[in-house]
Amino acid sequence: MHNISSSFRLQSFISLSRLLGLGFFFRFPLEKTSMEEVTEGINNLHVSEPHKKNRIQVSNTKKPLFFYVNLAKRYMQQHNEVELSALGMAIATVVTIAEILKNNGLAVEKKIMTSTVDMKDESRGRPIQKAKIEIVLGKTENFDELMAAAAEEREAAEAEEQS
């Protein structure tokens with residue numbers, strides 16, 4: 001009976017964390033997880049705010065720079081603003097993305113926030129602090145015109161390429 005109850009609580013926790021978009025990751029096989037480990041994980045879990053639909057968490061190793069630039073444009077089209085977020089070495093990438101969008105007349109800075117985040121060093125298992133930046137960009141007044149002009153240029157180039 002205890003195993004069924006523990007298993008049910010574990011599945012409920014996993015479902016809840018997915019529903020809330022918490023991105024809780026287990027570093028051990030789920031079958032061997034004790035309820036004490038799950039409880040400890042829940043107690044150590046800090047939920048500052050729900051996942052935002054217009055937030056881009058940038059990594060400097062996973063995707064090319066212009067993937068993030070184009071994604072930010074799409075988010076601004078859909079939500080009128082985008083929040084770029086990064087930790088550590090990826091901060092330079094976020095600043096570059098913001099500058100590209102601003103220099104092309106597509107975005108204006110609405111807010112820049114910096115902080116430090118307590119994390120666990122995966123290799124050494126000790127706590128470390130990482131720098132964090134969050135930049136909120138909004139659409140410029142002529143954002144839609146610039147995007148439409150860029151789309152027309154692409155279509156003209158594709159038509160010329162096919163003929």
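Bear in mind that the values here come from a model prediction, so they are computed numbers and not experimental data.
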* To do: Flag yes if more than 12 heavy atoms outside Met113 fall under 6.0 Å of its CE atom; otherwise flag no.
  => yes

* Asked: Shared ILVMFWY cluster between Val95 and Val136, side chains joined below 4.5 angstrom?
  -> no

* Structure fact -> Sequence neighbours excluded, the answer for side chain to side chain donor-acceptor pair (under 3.5 Å) partners of Ser115 is none

* **Which residues share a side chain to side chain donor-acceptor pair (under 3.5 Å) with Ser85, sequence neighbours left out** => none

* Asked: To the nearest 0.5 Å, how far apart are CG in Asp118 and NZ in Lys130?
  -> 12.5 Å

* **All side chain to side chain contact (heavy atoms under 4.5 Å, CB included) counterparts of Asp121, not counting sequence neighbours** => Ser123, Arg124, Arg126, Ile128

* Residues forming a side chain to side chain contact (heavy atoms under 4.5 Å, CB included) with Thr116, sequence neighbours excluded -> Gln129

* To do: Kindly indicate whether the side chain of Met76, heavy atoms from C-beta on, has any atom under 4.5 Å from the side chain of Leu101.
  => yes

* **Co-membership, hydrophobic cluster, residues Val117 and Val94, 4.5 Å side-chain** => no

* **From Arg74 atom CZ to Asn54 atom CG, the distance as rounded to the nearest 0.5 Å** => 14.0 Å

* Report the distance from atom CG of Leu137 to atom CG of Asn80, rounding to the nearest 0.5 Å. => 13.0 Å

* Between atom CD1 of Ile91 and atom CD1 of Ile133, what is the distance when rounded to the nearest 0.5 Å? -> 6.0 Å

* To do: Kindly work out whether a path of hydrophobic side-chain contacts (I/L/V/M/F/W/Y, heavy atoms less than 4.5 Å apart) joins Leu65 to Met89.
  => no

* Asked: Out of curiosity, Glu83 CD to Ile135 CD1, how far, rounded to the nearest 0.5 Å?
  -> 10.0 Å

Identify each donor-acceptor pair in which a side-chain atom of residues 143-158 lies under 3.5 Å from a protein atom, sequence neighbours left out, and give them as a table.
unit_1: Asp144; atom_1: OD1; unit_2: Lys139; atom_2: NZ; d: 3.3

* Run the numbers on Leu71 and Lys63 for side chain to side chain contact (heavy atoms under 4.5 Å, CB included), then give the verdict. => CA-CA 11 Å; Leu71 186 60; Lys63 303 278 185 196; over 6 Å; no

* Asked: Is Ile56 reachable from Ile112 through a run of I, L, V, M, F, W or Y residues, each pair having side-chain heavy atoms under 4.5 Å apart?
  -> yes

* To do: Not counting sequence neighbours, which residues clear side chain to side chain donor-acceptor pair (under 3.5 Å) with Gln77? List them please.
  => none

Would you mind writing out the side-chain donor-acceptor pairs for residues 103-110 within the sub-3.5 Å range, not counting sequence neighbours?
unit_1: Asn103; atom_1: ND2; unit_2: Glu99; atom_2: O; d: 3.1
unit_1: Asn104; atom_1: ND2; unit_2: Ile100; atom_2: O; d: 2.8
unit_1: Glu109; atom_1: OE2; unit_2: Lys102; atom_2: NZ; d: 2.5
unit_1: Lys110; atom_1: NZ; unit_2: Glu81; atom_2: OE1; d: 2.7

* Write down the atom of Lys62, the atom of Tyr68, and the distance for their closest heavy-atom approach. => CB-OH, 4.4 Å

* Distance, nearest 0.5 Å, that separates CZ of Arg55 from CG of Leu84 -> 10.5 Å

* Can you name the side chain to side chain donor-acceptor pair (under 3.5 Å) partners of Gln78, sequence neighbours left out? -> none

